[in-house]
Structures are given as structure tokens and as C-alpha cells.
Amino acid sequence: IITMENETCKRVSGMVIKVINDDLETLKTITNSLLIKIVADTTNNCCLLDFLDGNNKTVYSIKLTDFAQVYQMSESTLFRSNDNCTVVLSDDKNDAEWMIEKIRSILFEEQKKQSVFYQRTDSTSAKQYFQFYGLLSQQQGMLQDSIRTDTYRNAMLQNLPDFQGKVVMDVGAGSGILSLFAVQAGAKRVYAVEASNMALHCQTLVERNKLTDKIIIKNGKIEEVDIPEKVDVIVSEPMGYMLVHERMLESYMYARKWLKPEGKMFPTQALLYTAPFSDETLYMEQYTKASFWFQSDFKGVNLSPLKEAALEEYFSQPVKGPFDVSFLMAKPYGYTIDFLRDPDSSLHLINIPFRCTLYSNGTIHGLAFWFDVSFVGSQKTIWLSTGPFAPWTHWIQVRCLFKKPAVGLCGQEVSGTVVMKSNEKMTYDIDIEMKVVGTDQVCQGSYDLKSPCFHNLSPPPVKLSESNPTEAFYSTENSTTASPTKYLFGEQVTTIGLPNIAIK
């Protein structure tokens with residue numbers, strides 16, 4: 001193997017090249033190839049594959065711009081070009097594997113330079129992300145989130161005119177469930193775009209459900225695939241915990257380049273909510289974790305010099321987990337993201353100023369976050385909530401604790417900012433500052449959304465009751481607003497009378 005800048009050569013033996021057409025007719029056979037030269041053409045963003053004879057004369061060349069042009073079979077490699085196919089037969093499996101891996105690395109590097117996705121994402125995070133979502137167990141967890149899955153299906157089925165006879169794109173299709181729902185709602189054609197290996201399982205479901213004439217699988221990132229036509233509707237489930245984690249919202253909004261001027265997006269808008277909360281138990285749990293490093297004699301070693309560093313680390317972890325709505329101390333502030341109109345660049349730096357009035361006394365231990373999304377159809381608007389008052393979803397809620405809490409009184413105002421800066425790890429760095437208006441109390445914290453800790457539901461604060469709690473609950477308006485139907489489908493929508501539409 002001889003390697004120079006942008007060029008690698010390897011001497012081979014027993015390699016046969018056959019050029020065939022679409023009817024599998026052999027157009028040319030070359031048997032005197034003894035040297036392979038692979039060139040990275042950085043000017044034209046492609047890979048050049050030259051086959052040379054014993055006199056270093058080129059006997060055949062192939063230009064590759066996408067690794068999708070390369071197909072590896074048991075004893076041969078097929079290269080697809082615009083005009084024909086080239087089959088390379090090799091007696092040495094190592095020669096074939098070396099050739100394919102070299103081509104893959106060149107095309108991947110060229111693809112990274114051009115891809116909007118790789119301009120904002122480091123390769124390691126991307127690899128981990130697509131491996132994670134390539135597992136059936138992860139897809140199963142999302143499908144079994146009935147609040148999530150049923151809301152998406154009902155949003156489509158209760159807005160049939162938006163889908164009947166229409167062209168739909170499913171961004172980050174995963175198992176293809178939303179594509180299948182779109183067909184149930186009457187879609188004429190669906191482009192299911194999925195970058196992970198889950199695309200293979202998606203293809204299996206499409207074939208076994210006899211929908212290959214309606215659903216077209218595009219295995220690739222939305223920033224890199226080619227869609228041959230404009231679409232009427234884009235569907236996706238791009239939300240991460242705290243709405244923005246994993247940065248798929250940007251990919252979802254990028255897909256608008258294929259959306260018709262009057263097209264729709266499901267979901268259409270998102271509201272990221274934040275509110276101050278009080279939870280002494282949670283605060284002490286985090287503080288206790290760090291207290292290990294307070295020891296001055298751990299087997300003869302003084303660990304206490306790391307006390308402050310430990311506190312900083314534990315309190316920089318967002319806490320992911322459900323909590324009782326009674327922990328909230330004020331009405332939440334909502335920050336709106338319009339998937340249909342906002343530029344995707346607006347998600348690179350999110351600045352959320354907030355101001356709210358406390359409705360209870362207590363220690364303000366931090367800020368709680370959750371989100372709602374709306375599906376604005378021509379017939380009905382459907383809402384999905386991940387709030388602490390709504391049925392649980394796999395997103396649940398996120399809380400950011402202050403290392404040094406504040407004390408607030410009912411009627412006092414708190415104000416501050418939440419600054420969320422995107423990073424190459426497919427998530428966000430978060431800085432929060434909050435002050436109690438009229439006092440000198442200021443709370444600050446920095447958080448890494450990539451590294452949350454997980455917390456089970458805390459018991460709600462004890463409330464003394466002077467009457468029968470059950471009778472009191474069912475005799476108030478709260479008894480009718482506690483229905484999951486309200487939170488899942490919105491005020492005006494219920495599941496009663498929903499058409500049972502099967503895939504045809």
C-alpha cells in the first residue's frame with residue numbers, strides 16, 4: 001500500500017472488472033487490473049477509483065459521490081453510476097474490504113464538509129445517537145408511550161382533509177409509525193426519512209403491511225437526502241427532553257425546504273414552560289451525594305479539598321423526573337417556538353427572559369421545565385402536554401436546582417433569564433440567573449443538558465385537611481379538569497367517535 005496526499009494505491013491480484021447494464025448484460029470485461037488507486041477529489045467532493053494494469057496505465061475509472069452507490073456482496077463489489085453498473089470480483093476478500101473502507105472514509109469526510117448536520121455535530125455524538133435509535137428496544141419504549149403515540153395518530157385522523165390524497169414527509173421516521181398513520185389518514189405518498197439502521201426495520205414493516213406503493217424509505221439524514229418533489233405535510237417527533245435536547249428540532253425545521261408554501265407541519269408549535277419550584281427533599285438528595293467529598297479522613301485521605309468541585313458538579317446536573325404540581329410556586333412562563341415560521345438558526349441561542357409572581361411562601365430551590373406542542377390542522381387543533389399536571393410521557397419533566405436557593409413570599413415577584421446555547425454534543429449548555437425582586441437575593445447556575453440525573457417522584461408537601469379530601473375534590477371544578485382527555489386532546493376534542501381507520 002502506497003499512501004500520498006489525497007491518494008492511496010494498492011497492488012492486487014486476481015481482480016476482474018465487469019461492466020453491466022440494467023438488463024444484467026455484460027458490456028465489458030477487464031482482467032488485467034493489478035493496481036487500485038483511490039483518490040480523494042476535494043475540489044469536486046467525490047472519490048475517484050482507478051484500476052491500472054502492470055504498466056501503471058489506467059484501464060478503467062469510476063467516479064463516486066455517495067456511498068449509496070456502493071454495494072458489497074459475498075465475493076464481489078458493485079458500483080452504481082448514472083449509466084451502468086460495475087462489478088468488481090476479487091479473489092482476495094481483504095482487497096475488497098480495504099477498497100470499500102477507503103472509499104467509505106473518503107466519501108464520509110467529503111459528506112461531513114457539505115452536510116449542515118455535521119457542521120453542527122461532532123462525529124462521536126452522531127454515532128452514539130444513531131446507534132441508540134437504531135435499537136428496536138428504544139423504538140418500543142417510544143411506541144409504548146401511549147400519550148405520545150395516540151396523540152400523533154389522533155391529530156392526523158381528526159384532520160383527514162390535511163392528509164387525504166396528499167404527499168407527506170416523515171422526518172426521523174424510526175420504525176415508520178408516523179408514516180403508517182399518515183397512510184391511515186389517506187396520504188397518497190409518504191417519504192420516510194431515517195438515518196439510523198432502523199430504516200431496515202422500517203422497510204420490513206412497510207413491505208409486510210403491503211405499503212411499498214405508498215411509503216418510500218429514504219435512508220439518510222434529512223440534511224443530506226434528496227426528495228424528488230415538494231410535500232404537503234411534514235410530520236415528525238423531534239422533541240427531546242426539555243424540548244430541545246438532541247437538537248432534532250433543527251432537522252425538522254430544515255425539512256421545510258421541501259414544504260409547499262401552504263403546507264402544514266405536525267407538530268406546528270411548541271411552548272417551553274418554566275416556573276420556580278420548592279422541593280427540599282430533592283435539594284437534600286443532591287447535596288447528600290456531594291457530601292461524600294466532605295470527608296477529611298477517608299481511609300487516611302482528606303477528600304474535602306474537592307468539596308466545592310463536587311457541589312458544582314452535582315448541582316450542574318439537570319434533574320429528569322416527574323414531580324407533583326404542588327411543588328410549583330408560580331404560574332409558568334411560556335416561550336414559543338414556531339416550527340412553521342421561525343428560522344432554524346433561532347435555536348442556536350435561545351434567550352428566555354421570565355417574570356412571575358409567587359403564589360406561595362417557601363424556599364425557591366430552582367426552576368422546573370416542561371413543554372407542550374400543538375398540531376394545528378384545518379379541522380382541529382390537538383395538544384400534547386408533558387407538564388406535571390398531565391398524564392406521564394417518556395419526556396416527563398426537567399428541573400434545574402440552585403446550589404444556593406432563595407426564599408420567597410406569596411405576592412413577591414421573581415425575574416431572570418434562561419440562556420440555552422447549542423453545542424456540538426447535540427444538546428445545550430444552560431445558564432440561569434434569577435433574582436427575587438425587591439431583595440438582594442440572586443440565584444445562578446450552569447447546567448449540562450447532556451448529563452442529567454434521574455429522580456423518582458417526590459412525595460408532595462403534607463397538607464392538613466379539615467374536611468373529607470375525596471368529597472372536597474369531587475365537589476369542585478377540579479374533578480372535571482383532572483381528566484387525561486383534556487390534556488391529551490385539548491378542550492374541544494375527545495376520543496369518542498374516533499373513526500377506526502385501518503391501513504389499506
Side-chain angles (χ1 to χ4, degrees), residues 132-160 162-163 168-187 190 192-194 196 198-199 201-206 208-209 211 214-215 217 233-241 243 245-246 248-249 252 264-270 322 339 370-377 379-387 389-397 483-490 493-504:
F132 180 81
Y133 285 106
L135 299 173
L136 282 171
S137 57
Q138 300 303 328
Q139 297 294 325
Q140 178 179 336
M142 292 185 289
L143 292 177
Q144 288 180 323
D145 181 345
S146 60
I147 303 299
R148 163 197 180 271
T149 305
D150 289 349
T151 300
Y152 268 87
R153 183 171 186 262
N154 284 289
M156 296 186 203
L157 296 186
Q158 297 202 35
N159 287 287
L160 293 178
D162 298 330
F163 290 87
V168 178
M169 180 195 294
D170 180 1
V171 179
S175 64
I177 192 67
L178 299 187
S179 298
L180 296 165
F181 289 166
V183 172
Q184 289 181 0
V190 182
V193 183
E194 173 55 42
S196 77
M198 188 54 55
H201 294 303
C202 181
Q203 183 68 50
T204 299
L205 290 181
V206 169
R208 295 299 176 87
N209 282 276
L211 289 172
K214 291 185 177 293
I215 300 177
I217 311 297
V233 186
I234 300 175
V235 299
S236 182
E237 195 271 79
M239 300 86 72
Y241 61 81
L243 182 61
H245 178 60
E246 297 177 333
M248 193 183 163
L249 294 180
Y252 180 45
K264 295 187 178 297
M265 296 182 74
F266 274 43
T268 315
Q269 286 187 333
F339 299 135
W370 66 90
F371 65 87
D372 295 352
V373 294
S374 64
F375 301 79
V376 182
Q379 303 295 301
K380 292 178 180 177
T381 295
I382 308 298
W383 285 88
L384 167 64
S385 178
T386 65
F389 47 79
W392 285 14
T393 68
H394 74 284
W395 291 287
I396 43 183
Q397 296 93 43
S483 167
T485 302
K486 174 186 174 183
Y487 298 120
L488 178 57
F489 301 114
V493 182
T494 67
T495 57
I496 299 174
L498 184 68
N500 184 17
I501 301 179
I503 298 175
K504 296 182 180 179

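Values reported hereafter were calculated over all heavy atoms of this structure, with side chains retained and with hydrogens, waters and symmetry mates removed.
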Is there a donor-acceptor pair under 3.5 Å between the side chain of Thr149 and the backbone N or O of Ser146?
no
Next on the checklist: Is the shortest side-chain heavy-atom distance between Val233 and Met265 below 4.5 Å?
Outcome noted: no
Any sub-3.5 Å donor-acceptor pair from Gln158's side-chain atoms to Lys380's backbone N or O?
no
Notebook entry, point to check: Stepwise, does the side-chain hydrogen bond (donor to acceptor under 3.5 Å, both in side chains) test hold for Ser196 with Glu194?
Noted result: CA-CA 6 Å; Ser196 77; Glu194 173 55 42; 2.6 Å; yes
Find out whether His394 and Ile147 are in side-chain contact, i.e. whether some heavy atom of one side chain is under 4.5 Å from a heavy atom of the other. no
For Thr393, does its backbone N or O pair with a side-chain atom of Asp145 as donor and acceptor, under 3.5 Å?
no
* Asked: Are the side chains of Ser236 and Leu178 in touch, meaning some heavy atoms are under 4.5 Å apart?
  -> no
- Message: Do Leu135 and Gln140 make a side-chain contact, defined as non-hydrogen atoms from C-beta onward lying under 4.5 Å apart?
- Response: no
Those residues at least two apart in sequence (or on a different chain) that pass salt bridge (charged side-chain N to carboxylate O under 4.0 Å, His left out) with Glu237 are Arg148
Checklist entry - Any side-chain heavy atom of Val190 within less than 4.5 Å of one from Met169? => result no
To the nearest 0.5 Å, atom CE of Met156 lies from atom CG of Asn154 at 10.5 Å
Smallest heavy-atom separation, Asp372 atom then Thr386 atom, equals OD1-N, 3.7 Å
Are side-chain heavy atoms of Phe163 and Phe266 found at a separation under 4.5 Å? yes
Measuring centre to centre across the rings, with the benzene-like ring taken for any Trp, is Phe375 within less than 6.0 Å of Tyr152? yes
Under 4.5 Å between any side-chain heavy atoms of Glu246 and Pro238, yes or no? no
Here the gap from Ser179 atom OG to Gln184 atom CD, rounded to the nearest 0.5 Å, amounts to 11.5 Å
Closest heavy-atom pair, Ala192 versus Ile215, reported as atoms and distance to 0.1 Å, is CB-CG2, 4.1 Å
Nearest heavy-atom contact between Val206 and Ile217 is CG2-CD1, 3.9 Å
Between the main-chain N or O of Gly172 and the side-chain N or O of Tyr252, is there a donor-acceptor pair closer than 3.5 Å?
no
Tightest non-hydrogen contact, residues Val168 and Ala187, listed as CG2-CB, 3.8 Å
In this structure, CD1 of Ile177 is separated from CG of Leu205 (nearest 0.5 Å) by 8.0 Å
Before we go on, tell me: are the rings of Phe371 and Trp395 under 6.0 Å apart, centre to centre? yes
When every non-hydrogen atom of Ala155 is compared with those of Asn159, the smallest separation belongs to O-ND2, 2.9 Å
Review point. How far apart are the C-alpha atoms of Ile234 and Val171, what are their side-chain angles, what is the distance that settles it, and do they pass the side chain to side chain contact (heavy atoms under 4.5 Å, CB included) test?
Key: CA-CA 7 Å; Ile234 300 175; Val171 179; 3.7 Å; yes
In terms of heavy-atom contacts, Pro267 and Phe339 come closest through O-CD1, 3.5 Å
Residues at least two apart in sequence or cross-chain that pass ring pair (Phe, Tyr, Trp, His ring centres under 6.0 Å) with His245, listed by chain then number, are Tyr241
Check: Gly387 main-chain N/O paired with Gln397 side-chain donor or acceptor under 3.5 Å | yes
(message) Would you say that Met239 contacts Leu384 through its side chain, given a criterion of any heavy-atom pair below 4.5 Å between the two side chains?
(response) yes
I'd like to know if the side chain of Thr381 and the backbone of Val376 have a donor-acceptor N/O pair within less than 3.5 Å. no
To the nearest 0.5 Å, atom CD of Gln138 lies from atom CZ of Phe132 at 3.0 Å
Separation between NE2 (His201) and OG (Ser175), nearest 0.5 Å, reads 10.5 Å
